Amino acid sequence: MALQSAVIVFPGSNRERDAALALKRATGKKPVMVWHGDSALPKCDLICIPGGFSYGDYLRTGAMAAHSPIMREVKAAAHKGVRVLGICNGFQILCETQMLPGVLLRNASLKFVCRPVTLKVENADSDFTRAYQPGQEIKVIVAHGDGNYFAEPDTLRELEDGARIAFRYCDNPNGSIHDIAGVFNKDRNVLGLMPHPEDAVEALHGSTDGAALFDSLVQSI
């Protein structure tokens, strides 16, 4: 049975189609596109919160989107074990909902960064990363102005000790503490990352290294 996925769409989302195409490539099935104002989720195995600038990044990146009606349902689904993937703005939203720890601050350079980066796979023992090798280096792109991950020392210790850091930057583009590019929740069924694996699934993208993330989910669920 094909994995059923859903992609949440907010006003200002701009990578929802990229995410949908990457999910269809991996699963063979179109994801359901869910509007942020909806109050119910379809039955699904995976929820993707894509990149973009939800609500124009007013107040704080992800702050307004975190209070959209659909996010209550996403949070409830995650508690039941449904996998949730937040990419870029999706990562920011997951932090704002406190589904993931920490916060994404303005880039250390105070400039928008859009370029390829190299990531190290820090934890290859999860439903999101099983198709990678531990320590493998992959090439993907980043495109953000607020990707500087920060967390308090106690939280960082929990992330390090609990093997909850999924990816680290090899060439940190934004000043993220401990070079963190992506983190899991305690149950490892929620992953947030700033880089865009959905834009590294075809040779024309210049890299296919992001495909293994989506393939991992298909293999694991």
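Every value quoted in this text rests on a predicted model; they were computed, and no experiment measured them.
- Put simply, the side chain of F167 does not reach to within 4.5 Å of the side chain of P195, judged on heavy atoms.
- Among residues at least two apart or in separate chains, side chain to side chain donor-acceptor pair (under 3.5 Å) pairs with a member in residues 2-13 are Q4-K29.
- The neighbour count for E158 CD, taken as heavy atoms of other residues, nucleotides or ligands under 6.0 Å away, is above 12.
- Ion pairing of D199 with R15 is present here, as a side-chain N (NZ or NE/NH1/NH2) and a carboxylate O approach within less than 4.0 Å.
- Among residue pairs with one or both ends in residues 61-91, those qualifying as ring pair (Phe, Tyr, Trp, His ring centres under 6.0 Å) are F91-Y149; sequence neighbours excluded.
- Put simply, the side chain of V84 reaches to within 4.5 Å of the side chain of I49, judged on heavy atoms.
- In this structure, the side chains of I8 and C48 stay at 4.5 Å or more apart for every pair of heavy atoms.
- Legend: residues meeting side chain to side chain contact (heavy atoms under 4.5 Å, CB included) with N14, ordered by chain and number and at least two apart, are F53.
- For E160, the CD atom sits in a packed shell: over 12 heavy atoms of surrounding residues, nucleotides or ligands are nearer than 6.0 Å.
- Transitive grouping of hydrophobic side chains (ILVMFWY, heavy atoms separated by less than 4.5 Å) brings L41 and L23 into a common cluster.
- Listed by chain and residue number, A124 satisfy the side chain to side chain contact (heavy atoms under 4.5 Å, CB included) test with P134 (two or more places apart in sequence, or in another chain).
- Within the structure, ring pair (Phe, Tyr, Trp, His ring centres under 6.0 Å) pairs that include any residue of residues 106-148 do not occur (at least two apart or interchain).
- Among residues at least two apart or in separate chains, salt bridge (charged side-chain N to carboxylate O under 4.0 Å, His left out) pairs with a member in residues 42-69 are R60-E96.
- The side chain to side chain contact (heavy atoms under 4.5 Å, CB included) check on D171 picks up R115, V117, T118, with sequence neighbours excluded.
- In this view, R17 satisfies the side chain to side chain donor-acceptor pair (under 3.5 Å) rule with no residue, not counting sequence neighbours.
- Of all the heavy atoms in V34 and A6, the pair that sits closest is CG2-CB, 4.1 Å.
- Taking CG from L21 and CD from E16, the interatomic distance works out to 10.5 Å, rounded to the nearest 0.5 Å.
- Using a 4.5 Å cut-off on side-chain heavy atoms (C-beta onward), R83 and L85 make no contact.
- Both Y169 and L105 belong to a single network of hydrophobic side chains, linked directly or stepwise wherever heavy atoms of I, L, V, M, F, W or Y lie under 4.5 Å apart.
- Shown here for S176 and N172, the closest heavy-atom pair between the two residues is O-ND2, 2.9 Å.
- Each ring pair (Phe, Tyr, Trp, His ring centres under 6.0 Å) pair with one or both residues in residues 177-221, not counting sequence neighbours, would appear here, but there are none.
- In this structure the side chain of I47 reaches within 4.5 angstrom of the side chain of V82, judged on heavy atoms.
- L159 is listed as a side-chain neighbour of P101, based on a closest heavy-atom distance under 4.5 Å.
- Donor-acceptor pairing under 3.5 Å is lacking for the side chains of D146 and T61.
- Contacts of Y55 classified as ring-ring contact (aromatic ring centres under 6.0 Å, His included), with partners at least two apart in sequence or in another chain: H36.
- With sequence neighbours excluded, no residue forms a side chain to side chain donor-acceptor pair (under 3.5 Å) with N148.
- Taking 4.0 Å as the cut-off between side-chain N and carboxylate O, E137 and K120 do not count as a salt-bridged pair.
- For residues 211-221, the set of pairs meeting the side chain to side chain donor-acceptor pair (under 3.5 Å) definition, not counting sequence neighbours, comprises R25-D215, R130-S220.
- Criterion: ILVMFWY side-chain heavy atoms under 4.5 Å apart, direct or through other members. Under it, L191 and I165 are part of a common hydrophobic cluster.
- One hydrophobic cluster, built from ILVMFWY side chains closer than 4.5 Å, cannot hold both V218 and V190; they sit in different ones.
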**Message:** With side chain to side chain contact (heavy atoms under 4.5 Å, CB included) as the criterion, how do N185 and M99 come out once you've worked through the C-alpha distance, each side chain's angles and the decisive distance to 0.1 Å?
**Reply:** CA-CA 7 Å; N185 68 340; M99 292 174 65; over 6 Å; no
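- Contact check for L104 versus F150: no side-chain heavy atoms found under the 4.5 Å cut-off.
- Contact of the L46 side chain with the T27 side chain is not registered, since no non-hydrogen atoms from C-beta on lie closer than 4.5 Å.
- Here the closest heavy-atom approach between residue L119 and residue C170 is recorded as C-SG, 4.0 Å.
- With hydrophobic clusters built from ILVMFWY side chains whose heavy atoms lie under 4.5 angstrom apart, V142 does not share a cluster with L110.
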